[in-house]
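Working notes, beginning with the structure itself.
Positions are given from 1 along the sequence.
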Amino acid sequence: QVQLVESGGGSVQAGGSLRLSCRASGYAAMSFAMAWFRQVPGKEREGVAVIYTNNGNTVYADSVKGRFTISQDNAKTTVYLQMNSLKSEDTAMYYCASAVYDDGGSWLDENEYHYWGQGTQVTVSS
């Protein structure tokens with residue numbers, strides 16, 4: 001059974017930084033891709049960034065390009081999201097997601113992911 005556990009959320013002032021972590025357990029090999037999504041109450045969940053675990057390629061949403069960095073550890077069991085220059089509009093619940101295999105769809109599509117973490121809250125005050 002796969003488990004994803006996020007940590008690192010919290011409250012920060014605008015312009016500050018936070019680092020989120022997502023630890024994967026329950027399977028020997030890393031997934032095809034791992035991503036961070038975020039959701040604000042009343043709005044749809046949106047993709048923030050994805051990392052393809054075999055080659056380390058990354059893709060970012062336009063809203064976070066240049067400010068956020070997704071990375072993985074050498075063991076490929078933990079994925080990080082370094083968030084710099086935070087803005088109030090970054091306030092959301094952040095979720096880690098794992099795609100075990102490639103379904104051929106867009107990384108932004110929630111349905112491409114097979115496992116989800118419980119979420120960690122990020123609050124940015126202006």
Side-chain angles (χ1 to χ4, degrees):
Q1 186 168 350
V2 175
Q3 282 190 318
L4 299 174
V5 179
E6 301 104 331
S7 61
S11 297
V12 65
Q13 288 193 331
S17 299
L18 282 174
R19 188 195 197 202
L20 305 184
S21 298
C22 173
R23 182 173 56 85
S25 63
Y27 58 92
M30 275 297 288
S31 300
F32 165 73
M34 293 192 70
W36 287 96
F37 282 72
R38 65 186 181 187
Q39 188 171 27
V40 175
K43 292 190 177 181
E44 290 187 356
R45 193 151 49 182
E46 64 170 354
V48 175
V50 63
I51 186 165
Y52 296 96
T53 55
N54 284 340
N55 58 23
N57 285 350
T58 59
V59 184
Y60 297 90
D62 287 344
S63 58
V64 306
K65 277 181 185 175
R67 300 188 298 121
F68 290 11
T69 303
I70 188 170
S71 61
Q72 59 185 356
D73 68 349
N74 289 337
K76 300 181 181 181
T77 57
T78 302
V79 173
Y80 305 97
L81 186 68
Q82 178 67 43
M83 304 185 295
N84 298 329
S85 302
L86 282 161
K87 306 175 181 179
S88 57
E89 51 263 44
D90 295 318
T91 295
M93 184 72 79
Y94 283 72
Y95 297 91
C96 177
S98 170
V100 178
Y101 53 84
D102 181 12
D103 259 342
S106 168
W107 74 272
L108 294 168
D109 185 351
E110 291 183 51
N111 295 318
E112 293 297 302
Y113 299 89
H114 306 100
Y115 300 98
W116 291 84
Q118 81 288 352
T120 185
Q121 178 67 37
V122 171
T123 302
V124 184
S125 57
S126 56

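Contact of the Val79 side chain with the Trp36 side chain is registered, since non-hydrogen atoms from C-beta on lie closer than 4.5 Å. Counting only heavy atoms from C-beta outward, the side chains of Thr69 and Tyr80 never approach each other to under 4.5 Å. Counting heavy atoms from C-beta on, the side chains of Arg38 and Leu81 never come closer than 4.5 Å. Residues His114 and Asp103 meet the side-chain proximity criterion, which asks for heavy atoms closer than 4.5 Å. A 4.5 Å side-chain heavy-atom check between Gln72 and Met34 finds every atom pair outside the cut-off.
Of all heavy-atom pairs spanning Ala24 and Leu4, the tightest one is CB-CD2, 3.6 Å. Closest heavy-atom contact between Tyr60 and Ile70: OH-N, 2.9 Å. For Gly47 against Ala61, the heavy-atom pair with the smallest separation is O-CB, 3.4 Å.
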Report, one line per pair, each donor and acceptor closer than 3.5 Å where one atom sits in a side chain of residues 13-20; sequence neighbours left out.
from, atom 1, to, atom 2, distance (Å)
Ser17, OG, Asn84, OD1, 2.9

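In this structure, Arg45 places its CZ atom where more than 12 heavy-atom neighbours from other residues, nucleotides or ligands lie under 6.0 Å away.
Remark: the Ser88 side chain and the Ser126 side chain contain no N/O donor-acceptor pair separated by less than 3.5 Å.
Put simply, the side chain of Thr123 never gets that close to the backbone of Thr91: no donor and acceptor are under 3.5 Å apart. Side-chain N or O atoms of Glu6 include one that pairs as donor or acceptor with a backbone N or O of Cys96 at under 3.5 Å. In this structure, the side chain of Asn57 does not engage the main chain of Tyr52 through any donor-acceptor pair within 3.5 Å. Judged by distance alone, the side chain of Gln39 and the main-chain N or O of Ala92 form no donor-acceptor pair under 3.5 Å.
Lys87 and Asp90 are not joined by a salt bridge, as no carboxylate oxygen comes within less than 4.0 angstrom of a charged side-chain nitrogen.
Put simply, CD on Gln82 and OG on Ser21 are 9.5 Å apart, with the number rounded to the nearest 0.5 Å. In this structure, the separation between OG on Ser31 and CG on Asn54 is 10.0 Å, given to the nearest 0.5 Å.
Taking the six-membered ring where tryptophan is involved, the planes of Phe37 and Tyr113 are perpendicular, since the angle between them exceeds 60° and thus also 30°. Relative ring orientation between Tyr95 and Trp116 is described as perpendicular, the plane-to-plane angle rising above 60° on a 0-90° scale split at 30° and 60°.
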